[in-house]
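Here is the structure we will look at.
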Protein chains: 2
Amino acid sequence: MDLLTLPEMASSAEPIARRLVEWLRHAIVTMRIRPGEKLSEQELARRFGVSRQPVREAFIKLAESGLVRVLPQRGTMVVKISIEAVEDARFIREAIECAVAREAARRVDTRALAEVRARLDLAAEAMAAGDTERFFALDEEFHQRLAAAAGRPNSWRVVEEQKAQMDRARYLDMSDSIPMKTVMAQHLAILSAVESGDERAAETAMRVHLTEILVSLPKLASRWPDLFEARETETSGAA
Amino acid sequence: MDLLTLPEMASSAEPIARRLVEWLRHAIVTMRIRPGEKLSEQELARRFGVSRQPVREAFIKLAESGLVRVLPQRGTMVVKISIEAVEDARFIREAIECAVAREAARRVDTRALAEVRARLDLAAEAMAAGDTERFFALDEEFHQRLAAAAGRPNSWRVVEEQKAQMDRARYLDMSDSIPMKTVMAQHLAILSAVESGDERAAETAMRVHLTEILVSLPKLASRWPDLFEARETETSGAA
DNA sequence: GATTGAAGACTAGTATGGAAGTTTTTCCTT
DNA sequence: AAGGAAAAACTTCCATACTAGTCTTCAATC
């Protein structure tokens, strides 16, 4: 078991715990650490060559994000993908991003929209080059910049957290995700509507874009049943 | 400086850190601890009669919620109220809760809606009795139950976090907040629209309810300038 | 053979000391 | 008196030891 290296110590002043969170979050979202897997403070501390404390604090942060669950005196594990949680995340994301699209179309902040379009152009290049990793990154930036163009840059933070839940499912099987070409077309439709100041068209285009995401979810759940949370049988609501 | 007592140890198995978070969060949201105030691990540990570690972990959780800011090697402080942050929170809340209202009206889950109406009735009693504290609690429950009636109970968690930012401003001056009578009427309008399955009316009613909240914000900011974050002068967006 | 229970190997939670870094104070120099 | 450097007094951060609770294992007992 060789020592793992923490993400770039570009700014070495960055506390260990912060870098640990980054490393773990990425590993979880990209499914390098699988849902349901047990995480040991002790083992991770050994592998990173640090003490238990920073690992523990990283777990706390990840627990706040809903990526891991800490059971007192029992253990810490990566939460399984929950169909319900993914649906909720999609619902929330759609609500926020549709409002963002509407607001962006209402403002038509030309300068900010130029930044959005720049991401679209770069994404086209990435697609042509077959660089899916970069394409996904630019996908994120597109949405982030659009939020900025709506004057609500912070709303992206909330969306980002929801997105993490959805992304894990996507990383399960890339071939199941929406083709890059389709995403490009949808992004273009959104941006065009926003640029022309058509609030309703912008919102509709965004809704279309964010709707199809979960079509393949049941299929994934049945193919990897151990990675998914068993759906709650009881109905919520007490006396 | 006498020892402070942590919230009820109803389940004494509850770790100290968890109870600390609860105590601190409530104290911050209700403005018992003022924005900008410095929090010391050491001092709080002394006052609660515990070690620094659980206090530290509580800070981490509150930082994740955006209620405090931890500056490495410098200190921890309650974040000041930011007009921009409150506006963002309101924007996000409106987006989600309008979607919730629409969805609830689409479903018309009679059983769940009965729970919503029950909160409305209890709130009417609280108003008659002049019990503002209870009225506010039932206000929250109204929204929470409505989310459940929309089949999105988890969306309330996200709204709740945003709400915390807004609530601090409200606690500054209760007399500035919307009168209970108005809130009651708005809640009734929302529920009636939902019960009759009118999606558009439900969304509109919710939007109205969530719009007026920030009318008094600038006034509050000018009256307590030291509790508010100075608005950023630079425009976001780097090269 | 099935059940029970005690010992050991885990786990997270807490306490404490010290390291690294920042801010304030103090005191000397000009 | 004003400016600046050293030092003292803070802060969070990390390492380590210990506590307390949970689960597993395996042997003794019924």
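Side chains are part of it too, since the values below use all heavy atoms of this structure and drop only hydrogens, waters and symmetry mates. Below, chain A is the first sequence line, B the second, and so on; all start at residue 1.
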Inset, instruction - Side-chain contact test, heavy atoms from C-beta onward, threshold under 4.5 Å: evaluate it for B:E212 versus B:I178 and give yes or no. - result: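 B:E212 vs B:I178: side chains touch.
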Legend entry - Within-4.5 Å side-chain heavy-atom neighbours: B:V158 and A:Q162: yes
Legend entry - Phosphate OP1/OP2 of D:dT11: any B:S40 side-chain N/O under 4.0 Å: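 True: B:S40 side-chain N/O within range (under 4.0 Å) of D:dT11 OP1/OP2.
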Inset, instruction - Answer yes or no: is there a donor N or O on one side and an acceptor on the other, between the side chain of B:Q165 and the main chain of B:G66, under 3.5 Å? - result: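 Yes; judged by distance alone, with no hydrogens or angles, the pair exists.
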Legend entry - Polar side-chain atom of B:R119 near backbone of B:E141 as donor-acceptor pair, under 3.5 Å: no
Inset, instruction - Could you tell me which residues satisfy side-chain contact (heavy atoms from CB on, under 4.5 Å) with B:M166, sequence neighbours excluded, listed by chain and number? - result: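 Scan of B:M166 (side-chain contact (heavy atoms from CB on, under 4.5 Å), adjacent residues dropped) gives B:V86, B:A89, B:R90, B:R93, B:I213.
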Legend entry - Pairs touching residues 60-73 of chain A that satisfy side chain to side chain donor-acceptor pair (under 3.5 Å), sequence neighbours left out: A:R25-A:S65
Inset, instruction - Measure the acute angle between the ring planes of B:H143 and B:W156, then classify it against the limits of 30° and 60° as parallel, tilted or perpendicular. - result: parallel
Legend entry - Geometric cation-pi criterion, A:R32 with A:Y171: 6.0 Å, 45°: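 No, A:R32 does not lie over the aromatic ring of A:Y171.
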Legend entry - Face-on cation placement of B:R223 at B:F228 ring, 6.0 Å and 45° thresholds: no
Legend entry - With A:K163 via salt bridge (charged side-chain N to carboxylate O under 4.0 Å, His left out) - residues at least two apart: A:E140, A:D167
Legend entry - Helical bend (five base pairs per end, nearest 10°) for the helix from C:dG1-D:dC30 to C:dT30-D:dA1: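 Taking the rotation axis at each end, their angle is 10°.
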Legend entry - Range on DNA chain C touched by chain B, heavy atoms, distance below 4.0 Å: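 The contacted stretch runs from C:dG13 to C:dT23.
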Could you pull out the protein-nucleic contacts involving nucleotides 13-17 of chain D (nitrogen or oxygen on both sides, under 3.5 Å)?
| from | atom 1 | to | atom 2 | distance (Å) |
| --- | --- | --- | --- | --- |
| D:dC13 | OP2 | B:R56 | NH1 | 2.6 |
| D:dC13 | OP2 | B:R56 | NH2 | 3.2 |
| D:dC13 | N4 | B:R52 | NH2 | 2.9 |
| D:dC14 | OP1 | A:I16 | N | 2.5 |
| D:dA15 | OP2 | A:S51 | N | 2.7 |
| D:dA15 | OP2 | A:S51 | OG | 2.7 |
| D:dT16 | O4 | A:Q53 | OE1 | 3.4 |

